[in-house]
Amino acid sequence: MAVKYYGVMMVNVQGSELLIVNLKNLKPLEHVKKDINLGDDVYQDQPVKYESVNRVSEALTGFIQILNDYGVTNYKLFGSNALHQAINSDFIADQLFLHTGMNIEWLSTSEETYFRNQNISVELTKDKQNDKRTTFLVGITSGNTAITEFKEGKFVDSTSFALGPIKIAEDLQSLRQTAPNSIGLLNDYIDSKLNDFYIGNPASVVSSKVPTKIILLGSLPLQRLVENYEHTKASDTITASDFTGLVDDLVDASDQFLIERLQVDPDYIPLVLPELLLTRRILRLTNASEIGFSDSGVVDGLVNQEALEQGYSKRDFTPEIIRLALNLSKHYDVEPVHRDLVTKFALHLFDQLKPLHQLGRRERILLQVASILHDVGNYVGIHEHYLHSEYIILHSEIIGLSRDDIRVIAAIARYHSSTTPNEDLIHFQHISAESRRLIAKLAAILRLADALDDDRQQKIKKISVSIKESKVVITTFSNANLAYENWIFNTKSQFFTEAYGYKAVLKQRGVKAK
C-alpha cells in the first residue's frame, strides 16, 4: 500500500520541510515545516553553526519517524541552492548523512524556480481569466529572485537574479549609516540589479499599456503582513495602488508596530522592508495592476516530478525547458531550419538506439537541449564554434536543469563537431566516468544527426534506423546527390563506433514523386 506514497524533504536557509503525498492523485497526507534560521550565517559568509545543523538533523530525524509511521519507504532529501552556498555545505551534507542516513541532493536556482512554478502554472492554463492577460510568477527567496512570464496561460520565458531580501537588508544597513536618503538609494540599487530583466523577452510588456498581474510564490510572511494590514482574508490579491500605499506607510514603521499591530514574526522583521521594496519595483517594472499570492513551493514540484517518473502523472513540464532552450538559441541567432532538422534526427536516433544506450527520459531531454544549442557558438565566431558553444552554454541558465545537466549539455556541444573526448583528455579528465560515458553516447548521436545536414541544404528530410549484428544502418529518404553527406558521415561516424562498438552505415533510398 505504501508504494504509491512518496515523501520529499527540503532543507533551506529558513528551515526544513516534509511533504508526503499519494502519487496516484497527488493528495497530501502530511505537510510539516520546522523553522530554523540558517541565513544569518550563510549570507555573512560564516560557516553554519554546529548547533543549527544539529537542529536540522533533529528535524529530519522527526520527519523520518513520521514517514515510518505512514509506512513510506520512498523518500528523498533535497537542499536549496542558497544553503549549498554555505562555505561548509560539504560538512553539512556529511553531518546530515551521519545523523539520518540520507544523502542530500542540492538543487540549483533554476531547478528551484522550475519546481516552484509547476502547480501555479497548471492553474494558469485552466484559468479562463488569463486568456488575454500576461501573468508573472515571482519567486523571492532569501538570496534569489526568479521571474517567469505566462501569456494567455502559456509559458513564455523565465529569468532569475542573485538578489533577495537578506542581501538587500545587509546593504540597507550599510546605506543607512552613510546616506541621508537610504531608501531612494536602495531603490536605485534594486533597479540596477533588475536592469537585465529589460534585455530578455519579458521586457516586451514594459511598454505595453495592457495591465498585467504578478503572483508571489511562497511569500507567506509577506502575505500575512498584507492580510493584517488590509484587515481581511477575503481575497488572495491586493491592487497595485493599495500595495504601493502599504509600502509608503511601512517605510518608517517601527519594529514594535510591525510585531504588535501587523503580527510580523520577529525573525522576519529585518526582511520586511527589503521584500516590500523589491516587490514594488517588480510591480512597476511589469506594469502589474494587482498582486496575487500562492503557497506553491519547491516540494510541490518535486512531488510532481516523482509522480511523472513513476508513471502516475502525465503533468510533464519538459516543454518549458525546451522553450527556454529555443529562446536562448534565438538570442544567439541560431539558424532555425538546420537546428530543428538536426534535433529531429538526433531524437529519432536516440529513440531507435535505446537497446544500445539504455538511457531514459532525462538523458533524452539533455540531448534535445544540446541539439537546439549546439551551434550557438557561431554567434561568437565560426572557427572552432563548438568551443564557443560550450562556453555560452556553461554560462547560461535554463530552468529545470541542474548545473551538472548544463555541464553535460555543454560538453555534448563541444564534441558534436570534430574533436572527440579521447583526443581531449586534459579537458575530459575532470568529468566523472559516468558522465564521460553519457556525454560520449549523446555526442556521438548528435554528431551523426549533424552530419546529415552538414551543408545546411536539407537534402534529407526523413531517416529510418535499424540495428544489425555489428552495425547500425541509417537509411536516408532523398533523391538528391548525397556524395558530400556520405563523406562527412563516414568521417563523423568513427566516434560513434568508438562509443557504441557498432559501425554506423549510411544508405540512401529514393523517394517516389507523389
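On a predicted model such as this, the values are computed, not experimentally measured, just so you know.
Minimum interatomic distance between Ile399 and Tyr114 (heavy atoms only, all atoms of both residues): C-CB, 4.0 Å. Closest non-hydrogen pair, Leu302 versus Tyr6, comes out as O-CE2, 4.1 Å.
Side-chain atoms of Asn74 and Glu306 form a donor-acceptor pair, as typed in the model, at a separation below 3.5 Å. Under the 3.5 Å distance criterion, with hydrogens and angles disregarded, a donor-acceptor pair is assigned to the side chains of Glu17 and His31. Using a 3.5 Å distance cut-off with no hydrogens or angles, the side chains of Gln494 and Glu498 do not pair a donor with an acceptor.
From Asp375, atom CG reaches atom NE2 of His388 across 12.0 Å, with rounding to the nearest 0.5 Å. Here the CG-OG distance, from Asn119 to Ser121, works out to 7.5 Å after rounding to the nearest 0.5 Å. The line from CE of Met9 to CG of Leu18 is 6.5 Å long, rounded to the nearest 0.5 Å. Atoms CZ and CG, from Phe345 and Asp340 in turn, are 11.5 Å apart once rounded to the nearest 0.5 Å. A distance of 11.0 Å separates OG1 in Thr100 from CD in Gln95, rounded to the nearest 0.5 Å. Interatomic distance, CG of Leu359 versus CG of Leu438, reported as 6.0 Å (0.5 Å rounding).
Side-chain contact between Ile372 and Leu328: absent, with no pair of heavy atoms (C-beta onward) separated by less than 4.5 Å. Contact annotation: the side chain of Ile147 approaches that of Phe161 to within less than 4.5 Å [non-hydrogen atoms, C-beta and beyond]. Using a 4.5 Å cut-off on side-chain heavy atoms (C-beta onward), Asn103 and Leu77 make no contact. Here the side chains of Arg403 and Trp106 are not in contact, with every heavy-atom distance at 4.5 Å or above. Contact of the Thr212 side chain with the Thr135 side chain is not registered, since no non-hydrogen atoms from C-beta on lie closer than 4.5 Å. Taking 4.5 Å as the limit, every side-chain heavy atom of Leu83 sits out of range of all side-chain heavy atoms of Asn12. Asp351 is listed as a side-chain neighbour of Arg364, based on a closest heavy-atom distance under 4.5 Å. Side chains of Asp316 and Arg361 form a contact here, defined as non-hydrogen atoms less than 4.5 Å apart.
The salt bridge (Lys or Arg N to Asp or Glu O under 4.0 Å) pairs that include a residue from residues 92-101 number zero, where partners must be two or more places apart or lie in different chains.
For the side chain to side chain contact (heavy atoms under 4.5 Å, CB included) criterion with Val138, the lone passing option out of Leu283, Thr148, Thr286, Leu216 is Leu216.
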>> Determine whether Glu485 and Asp455 satisfy the following criterion, side-chain contact (heavy atoms from CB on, under 4.5 Å), listing intermediate values before the conclusion.
In response: CA-CA 8 Å; Glu485 283 73 17; Asp455 62 0; 3.0 Å; yes

> Run the salt bridge (charged side-chain N to carboxylate O under 4.0 Å, His left out) check on Asp404 and Arg407 step by step: do they pass?
Replying inline: CA-CA 5 Å; Asp404 285 341; Arg407 281 189 281 269; 2.5 Å; yes

> Checking side-chain contact (heavy atoms from CB on, under 4.5 Å) for the pair Leu38/Val56: CA distance, chi angles, key distance, verdict?
Replying inline: CA-CA 10 Å; Leu38 308 178; Val56 173; 4.1 Å; yes

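The pair Lys441-Glu363 fails the salt-bridge criterion, with no side-chain N (NZ, NE, NH1 or NH2) lying under 4.0 Å from an Asp/Glu carboxylate O.
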Between side-chain atoms of residues 466-478 and protein atoms elsewhere (two or more places apart, or another chain), which donor-acceptor pairs fall under 3.5 Å?
residue : atom : partner : partner atom : Å
Thr476  : OG1  : Lys507  : O            : 3.1
Ser478  : OG   : Lys459  : O            : 2.8
Ser478  : OG   : Ala480  : N            : 3.1

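More than 12 non-hydrogen atoms from other residues, nucleotides or ligands lie less than 6.0 angstrom from OH of Tyr484. Applying the 6.0 Å contact sphere to NZ of Lys354 captures no more than 12 heavy atoms from other residues, nucleotides or ligands. With a 6.0 Å radius and a threshold of 12 heavy atoms from other residues, nucleotides or ligands, Leu98 has its CG atom above the threshold. Within a 6.0 Å sphere centred on CD of Glu434, other residues, nucleotides and ligands contribute 12 heavy atoms or fewer. The number of heavy atoms from other shown groups lying within 6.0 Å of OH (Tyr500) is above 12. The number of heavy atoms from other shown groups lying within 6.0 Å of CZ (Arg456) is above 12.
Between the side chain of Thr113 and the backbone N or O of Thr109, at least one donor-acceptor pair lies under 3.5 Å. Looking at Ser108, its side chain does come within 3.5 Å of a backbone N or O of Glu111 through a donor-acceptor pair.
Judged as a ring pair (Phe, Tyr, Trp, His ring centres under 6.0 Å), and not counting sequence neighbours, the contacts of Phe150 are Phe155.
Between His331 and Tyr379, the ring-plane angle classifies as parallel under the 30° and 60° cut-offs.
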